[in-house]
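No experiment lies behind these values; they were computed from the predicted model shown.
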Amino acid sequence: MSSPDPFRVCAATVAVCLLSVACSCSASAAETKPNVVLILMDDMGAHDLSGEGSQFYQSPNIDSIAAQGIRFSNGYATCCVCSPSRASIQLGTFPARHGITDWIGAKSGLAWKRPNRVLPAEYLHELPTDQTTIAEAFREAGYGTFFAGKWHLGGEGSWPTDHGYDENQGGHDRGSPPGGFFSPYKNPVLTDGPDGESLPIRLAQETADYIRRNSDEPFFAMLSFYSVHAPVQTSKELWEKYRDRAPELNPGQKRFLVDRTLPVRQVQDHPVYAGMVETVDNAVGVVLHALDELGLEENTIVVFTSDNGGVSSGDAYATSNLPLRGGKGRQWEGGIREPLYIRYPAGVRPGIESSTPVTGADLYPTLLDLCGIPLKPEQHVDGVSLKPILKGGTIESRALYWHYPHYGNQGGEPNAIIQKNRWKLIHYFEDGRNELYDLENDPGEQSDLSLTNPARTAELFQQLDKWLDEVDAKRPKADPRYDSAKTEEFYRRIQTANLQRLEEFHQRILEATWQPNEDWWGSFRTDD
């Protein structure tokens with residue numbers, strides 16, 4: 001019997017070893033769980049990004065998330081104000097169901113002192129502890145969990161670490177940054193940096209540091225900016241940059257026009273707000289760079305969205321959402337339409353755009369599904385997994401619902417909404433009237449079709465009313481103190497003297513001699 005050829009034996013042994021190594025690597029890759037970075041803006045409107053058509057704001061880092069992933073052109077927050085939509089992201093349910101229907105801290109019932117026809121409904125003031133948050137679902141699946149930034153879902157005892165997050169940097173009960181957007185922050189769960197340190201950059205650095213510390217294990221990190229919420233603050237350099245970029249108004253053009261209750265901004269030219277957009281875009285870049293630096297970009301799902309529309313009336317009157325009507329706190333598309341992007345290089349083809357209407361409540365089941373974690377249909381009742389869309393397919397057509405039985409500081413009226421396919425019906429609790437819009441042909445909601453299309457109006461209202469009953473939605477009650485004369489005087493002042501003051505103030509911001517508030521840290525700082 002001849003002895004075996006040593007070269008053949010060696011080659012066969014090498015082939016077996018290589019095959020073993022390849023199989024091991026393949027198995028290892030298959031077992032690698034995707035990471036998740038969920039980026040949530042505060043008060044960023046649907047057109048507050050250069051990638052969404054703004055000719056004034058600049059946001060290349062955020063735009064890159066959409067370019068490298070999927071952009072939902074009909075992305076929605078579940079409410080026109082912050083706390084309710086933030087709770088929807090945590091729970092996968094709509095506000096009428098989870099019970100947080102207004103920003104936490106807003107007055108309700110007889111505590112409401114403005115001269116309005118109905119009393120704002122009562123609402124839940126903290127995230128319910130008997131429900132499973134998205135962070136708890138990820139932690140159960142072996143993920144590390146991290147939160148940075150705005151929480152606004154309850155006081156101490158209902159902070160991020162009470163709802164599934166291992167670490168928390170800056171999340172507490174307040175909805176706006178106590179010390180503004182420059183250190184000292186006056187935040188009970190965020191140490192101060194050097195005077196003048198930028199809050200959004202700091203939150204991004206905290207997130208990037210967490211990712212670096214935990215890059216060997218799967219993580220779910222939520223970066224929830226306080227930006228671009230009031231107070232509007234930026235650096236002197238960015239104010240000057242955007243002051244010089246601001247478009248000039250045409251002769252006779254007004255910056256504000258009254259829409260039913262309050263003046264509404266018609267043009268994007270606020271240089272301080274624009275500086276805030278650029279700063280938060282740079283902050284997003286800090287996190288994206290960390291993922292690239294660590295080689296995690298392929299296997300990390302990055303989500304970007306906002307909690308409600310841009311502030312075009314009330315608060316700082318900072319931006320315009322045109323061609324969408326209204327803004328934060330209001331019932332029209334400007335109050336609820338949002339940028340919504342998902343980037344996942346290992347699982348989503350880049351450059352996709354979907355017109356399917358989707359909401360923040362869909363993120364819970366979608367992220368579980370993408371990460372191979374069993375869904376929790378008993379929890380995320382109103383959300384659906386968008387994975388089929390990300391894979392080139394579709395999801396079943398459905399109705400979407402909103403419920404805001406309150407008066408917005410930005411001029412919104414107590415209402416509930418159903419949107420089904422191209423049709424949107426708004427029901428007003430003050431007088432029971434309905435508005436009907438064809439969003440396909442009238443995205444700016446200028447033509448109310450309720451009178452010319454009574455059958456569809458009745459059908460949609462009946463479906464909305466039934467759903468509100470099913471989820472035990474709280475509705476406003478008549479205010480026994482109501483005085484129509486006081487209401488008329490209240491709005492008359494806003495729509496006359498206040499309108500003129502707005503025009504004058506916002507023109508001054510564009511003048512070289514304008515000065516910010518004295519407590520604005522970092523706004524006029526220099527290196528000397």
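- Heavy atoms of other residues, nucleotides or ligands lying less than 6.0 angstrom from CG of Asp244 number more than 12.
- Among pairs with a residue in residues 103-127, none fulfils salt bridge (charged side-chain N to carboxylate O under 4.0 Å, His left out), at least two apart in sequence or across chains.
- Taking the six-membered ring for Trp and the full ring otherwise, the centers of Phe181 and Tyr226 sit at least 6.0 Å from each other.
- At distances below 3.5 Å, at least one donor-acceptor pair connects side-chain atoms of Thr261 with backbone N or O atoms of Gly411.
- In this structure the side chain of Ser312 never reaches within 4.5 angstrom of the side chain of Ser320, judged on heavy atoms.
- Take Arg508 and apply the salt bridge (Lys or Arg N to Asp or Glu O under 4.0 Å) test, not counting sequence neighbours, and it matches no residue.
- Taking the six-membered ring for Trp and the full ring otherwise, the centers of Tyr165 and Trp159 sit at least 6.0 Å from each other.
- Residue Glu511 qualifies as enclosed at atom CD: its count of foreign heavy atoms under 6.0 Å is above 12.
- In plain terms, the two heavy atoms of Ile100 and Pro95 that are nearest each other are O-CB, 3.6 Å.
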Q: Check the pair His406, Thr101 against side-chain hydrogen bond (donor to acceptor under 3.5 Å, both in side chains), reporting the backbone distance first and the verdict last.
A: CA-CA 8 Å; His406 311 279; Thr101 54; 2.7 Å; yes
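- Side-chain contact between Leu127 and Thr133 is present, with at least one heavy-atom pair separated by less than 4.5 Å.
- Here Ser83 contributes atom OG and His152 contributes atom NE2; the two are 4.0 Å apart, rounded to the nearest 0.5 Å.
- Distance check, rounded to the nearest 0.5 Å: CZ of Arg330 to CG of Leu262 gives 5.5 Å.
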Q: For side-chain hydrogen bond (donor to acceptor under 3.5 Å, both in side chains), just list the numbers for Ser50 and Ser59, CA-CA rounded to whole Å, side-chain angles, deciding distance to a tenth of an Å, and then say yes or no.
A: CA-CA 6 Å; Ser50 47; Ser59 53; 3.1 Å; yes
Q: Go through the steps to decide whether Tyr364 and Gln90 satisfy the test side-chain hydrogen bond (donor to acceptor under 3.5 Å, both in side chains), and finish with yes or no.
A: CA-CA 7 Å; Tyr364 192 146; Gln90 296 299 324; over 6 Å; no
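- Taken to the nearest 0.5 Å, the CG atom of Leu153 stands 9.5 Å off from the CD1 atom of Ile89.
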Q: Give the intermediate values and the outcome of side-chain hydrogen bond (donor to acceptor under 3.5 Å, both in side chains) for residues Asn116 and Tyr482.
A: CA-CA 6 Å; Asn116 295 120; Tyr482 175 62; over 6 Å; no
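- The CD1 atom of Ile301 sits 4.5 Å away from the CG atom of Leu370 when rounded to the nearest 0.5 Å.
- Residues passing the side-chain hydrogen bond (donor to acceptor under 3.5 Å, both in side chains) test with Glu504 are Gln500, sequence neighbours excluded.
- Take Glu167 and apply the salt bridge (Lys or Arg N to Asp or Glu O under 4.0 Å) test, not counting sequence neighbours, and it matches Arg213.
- Sorted by first and then second residue, the pairs that involve residues 186-219 and meet ring pair (Phe, Tyr, Trp, His ring centres under 6.0 Å), not counting sequence neighbours, are Phe146-Tyr210.
- Of the possible polar contacts, none joining the Thr78 side chain to the Phe94 backbone as a donor-acceptor pair under 3.5 Å is found.
- The minimum heavy-atom distance between Gln58 and Val277, with the atom names listed, is O-CG1, 4.2 Å.
- Under the salt bridge (Lys or Arg N to Asp or Glu O under 4.0 Å) criterion, Asp42 pairs with Arg86, Lys150, not counting sequence neighbours.
- Listed by first and then second residue, the salt bridge (charged side-chain N to carboxylate O under 4.0 Å, His left out) pairs involving residues 73-85 amount to none (not counting sequence neighbours).
- Using a cut-off of 4.0 Å between Lys/Arg side-chain N and Asp/Glu carboxylate O, Lys241 and Glu278 are scored as salt-bridged.
- Every residue two or more places apart in sequence or in another chain that forms a side-chain hydrogen bond (donor to acceptor under 3.5 Å, both in side chains) with Glu489 is listed here: Arg492.
- Side-chain contact check for Val37 versus Ile211: some heavy-atom pair is nearer than 4.5 Å.
- Taking the side chain as every heavy atom from C-beta outward, Cys79 and Tyr404 approach each other to under 4.5 Å.
- Summarising the geometry, atom CD belonging to Glu338 is positioned 9.0 Å from atom CG belonging to Asp43; distances are rounded to the nearest 0.5 Å.
- Ring pair His270/Tyr242: centre-to-centre distance not below 6.0 Å.
- Ring centroids of Phe56 and His47 are separated by 6.0 Å or more, keeping the two rings apart.
- Considering only heavy atoms from C-beta on, Tyr317 stays 4.5 Å or farther from Gln410 through its side chain.
- At least one side-chain heavy atom of Phe220 sits less than 4.5 Å from a side-chain heavy atom of Leu367.
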Q. Do Lys477 and Asp479 pass the salt bridge (charged side-chain N to carboxylate O under 4.0 Å, His left out) test, and can you show the C-alpha distance, the side-chain angles, and the key distance before you say yes or no?
A. CA-CA 6 Å; Lys477 298 178 181 179; Asp479 189 340; over 6 Å; no
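- Side-chain atoms of Gln131 never come within 3.5 Å of backbone atoms of Thr129 as a donor-acceptor pair (strictly under, hydrogens ignored).
- For residues 137-149, every residue pair satisfying the side-chain hydrogen bond (donor to acceptor under 3.5 Å, both in side chains) rule, not counting sequence neighbours, is listed here: Arg139-Asp166, Glu140-Lys376, Thr145-Asp166.
- Side chain of Thr93 to main chain of His380: no donor-acceptor pair is present (N/O by atom type, distance under 3.5 Å, no hydrogens or angles).
- Looking at heavy atoms from C-beta onward, Asn35 lies in side-chain contact with Leu296 at the 4.5 angstrom threshold.
- By the 30° and 60° cut-offs, the orientation of the rings of Phe304 relative to Tyr341 is parallel.
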Q. Would His506 and Tyr273 count as a ring-ring contact (aromatic ring centres under 6.0 Å, His included) if you check the C-alpha gap in whole Å, the side-chain angles of each, and the deciding distance to 0.1 Å?
A. CA-CA 11 Å; His506 286 269; Tyr273 184 81; over 10 Å; no
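- Listed by chain and residue number, Glu413, Glu435 satisfy the salt bridge (Lys or Arg N to Asp or Glu O under 4.0 Å) test with Arg260 (two or more places apart in sequence, or in another chain).
- Every residue two or more places apart in sequence or in another chain that forms a side-chain hydrogen bond (donor to acceptor under 3.5 Å, both in side chains) with Ser158 is listed here: His163.
- We find that Arg212 and Glu293 are joined by a salt bridge, their nearest charged nitrogen and carboxylate oxygen being less than 4.0 Å apart.
- The structure places CZ of Phe429 at 5.5 Å from CG of Leu468, a figure rounded to the nearest 0.5 Å.
- Between Phe147 and Trp151, the two ring planes are perpendicular [angle over 60°; tilted spans 30° to 60°].
- Side-chain atoms of Asn168 never come within 3.5 Å of backbone atoms of Pro160 as a donor-acceptor pair (strictly under, hydrogens ignored).
- Proximity of Phe505 to Gln507: side-chain heavy atoms (C-beta onward) are nowhere separated by under 4.5 Å.
- Among pairs with a residue in residues 45-74, those fulfilling salt bridge (charged side-chain N to carboxylate O under 4.0 Å, His left out) read Glu52-Arg71, Arg71-Glu353, at least two apart in sequence or across chains.
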